[in-house]
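Only one structure is covered here, and it is reproduced in the block below.
Hydrogens, waters and symmetry mates are skipped; everything else that's a heavy atom, side chains included, is used. Each chain gets a letter, A, B and so on, in the order the sequences are listed, and its residues count up from 1.
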2 protein chains.
Amino acid sequence: MPARPDGPTPAGDDPAAKPPDRVTIADVARHAGVALSTVSYVLSGKRVISATTRNRVLTSIRLLGYHPNAGARALASRRANVIALVLPLRTGMQVPVLMQFAMAVVTTARQFDHDVLLVTADEGPAGLRRIAASALVDGILLMDVEMRDLRVPLLRDLARPSVLIGFPADSTGLTCIDLDFHRAGEVCVEHLAGLGHRRIALLGAPAAVYDRDTGFAHRTRAGVLAAADRHGITATALPCPEGAAGVRALLTDLLARQPDLTGLVVQNEAAVGAVLATLPTLGRRVPRDVSVVAICPDQFAEQASPRLTSVPVPAEEVGRQAVSLLMRKLVDASVPEATMLDPHLTVRDSTTAAPARY
Amino acid sequence: MPARPDGPTPAGDDPAAKPPDRVTIADVARHAGVALSTVSYVLSGKRVISATTRNRVLTSIRLLGYHPNAGARALASRRANVIALVLPLRTGMQVPVLMQFAMAVVTTARQFDHDVLLVTADEGPAGLRRIAASALVDGILLMDVEMRDLRVPLLRDLARPSVLIGFPADSTGLTCIDLDFHRAGEVCVEHLAGLGHRRIALLGAPAAVYDRDTGFAHRTRAGVLAAADRHGITATALPCPEGAAGVRALLTDLLARQPDLTGLVVQNEAAVGAVLATLPTLGRRVPRDVSVVAICPDQFAEQASPRLTSVPVPAEEVGRQAVSLLMRKLVDASVPEATMLDPHLTVRDSTTAAPARY
DNA sequence: GGCCAGCGTCGAAGCGCTTCGACACCGCCG
DNA sequence: CGGCGGTGTCGAAGCGCTTCGACGCTGGCC
């Protein structure tokens, strides 16, 4: 055969010469001297292939640098091996946690041989419907779920498995996972109560978050108030602005009204730094005069000064488990409807025994 | 015909009854009474279809709730309509900016009818190769590019268009975009110099970032030093730790050594709050005694107290433009190799004229 | 020694879509 | 009044893969 590559059957025996993304399963089969389907079965393991044949095929795959075409695979197998991660578009909220979470999702998904499609909520329900109906993804992970979330009813009849991070008002028929924020609120209060504090306050998320009926904010508040009640101590729950100026105003007012306040639970990453910076300027040392417990990422708590006693939001753990749940649903396994992660309080330098009563 | 749906040709005239993700283009064609290919052309607009036919087809599509199957489309058209967004796995670095950026990318991509696959760097070059070779994505967006990035040479011969956020040491043959950090450094210094400051310092990224040879950190430093030189003022460039304690130590030491320091350029979101909080405790009011310019997101600058004069990193703009560049490359248009966005300094309350010399 | 049961492999039929060439039909010009 | 160039639609051939039924072969058993 002359060296003309444009004959009817070029026979392409020069792997390095052709574009690497044009190697098909047929090339591999030919190279290994087996049928096309045999290569497929080697790859999927859905039928037993003798070790000899398998090795021959695997060698050819490596030699040719074969990667299965995702589209073709999805079409034939009806599985895209992709899951959707739906993030809220809103900014300014717990961004580092979000990121940590997203990373955990991607990493875990890869362990299950899946990729992650990033979807923002701004397309709304229509976007979800599109993603699902087009078979772009096999399953859906929904973050930042609100109490009455527009997307939730849709999800119910979407015919694609999904897992929610956070709990909507009605979670029946859904799979949800989150930190147990009610318990988290309780844990914070119990810690403070145990240290002898009798009057505390919760500085929560910005008011807008409560107005939006975001579950975790309400649940934490409920937990704080319930535990305070149980322990017979006084607790005030307040939304908390994010800017340093807002925090200062809020604290000034709060301490003027309740001078014997000695404990603070802060659930607002963007404000906690300002809280720590402001308290001393109002004549309250942390932790000598006022103890502060934060619900925030560990990283944050470690870097603050003083280092914060905190209940971390286990973003990585939630991400991992959420993906695992979704994967189980993909293979049709039944999974629990609700998964609540137990909060764990880490004691650091921002809390101590309440000052002696006066 | 009796009401038995299990005949050989059920004729499926009951759209609400069948699973929504099983409507195919054939169903639409049948329902509209046209050929399958006509439906395709209506959807793609690649051939002229009469208004009458088009409307009939579009009506059927709406009625049946048809969504094209992504896998089949990708297979036949050799375009997945998905781009990869490769994020660094490292945490703790400029996380909010990253997020803002990612959001802009997703939103912009959607405007071009593309979706975004989230890829973390932890799979390394092999991951990139897999994504590209499997035709899962049409193009690649690479973030947080380092000076000598392992993934860059790979990208060069990957046969898929890509756009880098940030500049590697050698950017020939690639498409890169970023804020002009050199110029940003200059702009900060020029502002301070114009206010009469004669001795300033740059508190940069954490030392680890410099060690990693991250371009933007080095470029900013170079810009600061060059402009200082040009204006005949003294500038010290220091890496800056992220924790409040580290910042305090650094500032204490710095001010002890250079008591006549009156200007600070801070390029470290995680430290800037601590800087503002610490300076007053060291007897320096901001801006009366020390002026502070930050390179950080606007949102951040607005919330600080005092509000920060800053050069924002235009994450949204970078994201938008990066996607646009990639889209142009996808349709084979030629694009500039390097795009440098002009920095803009916003004057707020943290800078003022240098105190009278003594 | 002949038969049956696996085991391992193969061939072919789609999966749902795009796209190319073909081809009716229409009005117009010569 | 016949031929001609558009215009709008259709049919069919894949895209690369999975998967199902078929089938040859080897070995154990009666």
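- Of all nucleotides listed (D:dC10, D:dT18, D:dG16), D:dC10 comes nearest to the side chain of B:Thr38.
- The distance from atom CD1 of A:Ile25 to atom C1' of C:dC10 is 13 Å, rounded to the nearest whole Å.
- Counting distance only, with no hydrogens placed and no angle test, the side-chain atoms of B:Ser37 and the base atoms of D:dG11 include a donor-acceptor pair under 3.5 Å.
- In this structure, A:Arg79 atom CZ and D:dT19 atom C1' are separated by 15 Å, rounded to whole Å.
- The pair B:Arg160-B:Asp138 does not meet the salt-bridge criterion, since no charged nitrogen lies less than 4.0 angstrom from a carboxylate oxygen.
- At whole-Å resolution of the value, CG in B:Asp27 and C1' in C:dC15 are 14 Å apart.
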Please determine whether salt bridge (Lys or Arg N to Asp or Glu O under 4.0 Å) holds for the pair B:Asp113 and B:Arg79, giving the CA-CA distance in whole Å, both sets of side-chain angles, and the decisive distance to 0.1 Å. CA-CA 12 Å; B:Asp113 195 32; B:Arg79 306 274 270 87; over 6 Å; no
Donor-acceptor pairs under 3.5 Å, side chain of residues 32-41 of chain A to any protein atom, not counting sequence neighbours: which ones?
none

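- Where B:Val48 and A:Thr24 meet DNA chain D, the nucleotide closest to each residue was compared, and B:Val48 sits on the side nearer the 5' end.
- A side chain to side chain contact (heavy atoms under 4.5 Å, CB included) with B:Leu326 is found for exactly one of B:Ile177, B:Thr108, B:Val105, B:Val163, namely B:Val163.
- The side chain of A:Ala72 approaches D:dG16 more closely than any other nucleotide in the set C:dC17, C:dT9, D:dG16.
- Here the nucleotide nearest the side chain of A:Leu36, chosen from D:dG16, D:dT18, C:dC17, is D:dT18.
- We find that CZ of B:Arg54 is positioned 9 Å from P of D:dG8, with the value rounded to whole Å.
- When the C1' atom of C:dC17 is taken as reference, atom CG of B:Asn81 falls 13 Å away, rounded to whole Å.
- Atom-to-atom, CD1 of B:Ile49 to P of D:dG8 comes out at 8 Å; the value is rounded to the nearest Å.
- In terms of phosphate contacts, A:Arg78 brings no side-chain nitrogen or oxygen within less than 4.0 Å of OP1 or OP2 of D:dC17.
- The distance between atom CD1 of A:Ile61 and atom C1' of D:dC17, rounded to the nearest whole Å, is 13 Å.
- Of all the heavy atoms in A:Leu142 and A:Val145, the pair that sits closest is O-CG2, 3.7 Å.
- For A:Pro314 against A:Leu341, the heavy-atom pair with the smallest separation is CG-CD2, 4.1 Å.
- In the set C:dT19, D:dT18, C:dG16, C:dT19 carries the atom at the smallest distance from any side-chain atom of B:Lys46.
- Between A:Ser50 and C:dG8 there is no side-chain polar atom (N or O) within less than 4.0 angstrom of OP1 or OP2.
- Each end of the helix from C:dG1-D:dC30 to C:dG30-D:dC1 gets its own rotation axis from five pairs of C1' atoms, and the angle between them is 60° to the nearest 10 degrees.
- The nucleotide whose nearest atom lies closest to any side-chain atom of B:Ala35 is, among D:dC10, D:dG16, C:dT19, D:dC10.
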Dump the pairs, protein N or O against N or O of nucleotides 21-23 of chain C, anything under 3.5 Å, distances to one decimal.
| from | atom 1 | to | atom 2 | distance (Å) |
| --- | --- | --- | --- | --- |
| C:dG21 | N7 | B:Arg47 | NH2 | 3.2 |
| C:dG21 | O6 | B:Arg47 | NH1 | 2.3 |
| C:dG21 | O6 | B:Arg47 | NH2 | 3.3 |
| C:dA22 | N6 | B:Arg47 | NH1 | 3.4 |

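- Shown here is A:Arg110, whose CZ atom has more than 12 heavy atoms of other residues, nucleotides or ligands within 6.0 Å.
- Comparing B:Val34 and A:Leu75, the nucleotide of DNA chain D nearest to each residue sits closer to the 5' end for B:Val34.
- When rounded to the nearest whole Å, the span between CZ of B:Arg73 and C1' of C:dC17 equals 8 Å.
- Nearest heavy atom pair, residue A:Tyr66 against residue A:Leu43, reads CE2-CD2, 3.7 Å.
- Checked for salt-bridge contact, B:Asp144 and B:Arg151 miss the test: no charged N lies under 4.0 Å from a carboxylate O.
- Of all nucleotides listed (D:dC15, D:dC17, D:dT19), D:dC15 comes nearest to the side chain of B:Ala76.
- The side chain to side chain contact (heavy atoms under 4.5 Å, CB included) test with B:Leu141 singles out one residue from B:Val323, B:Val86, B:Leu325, and that residue is B:Val323.
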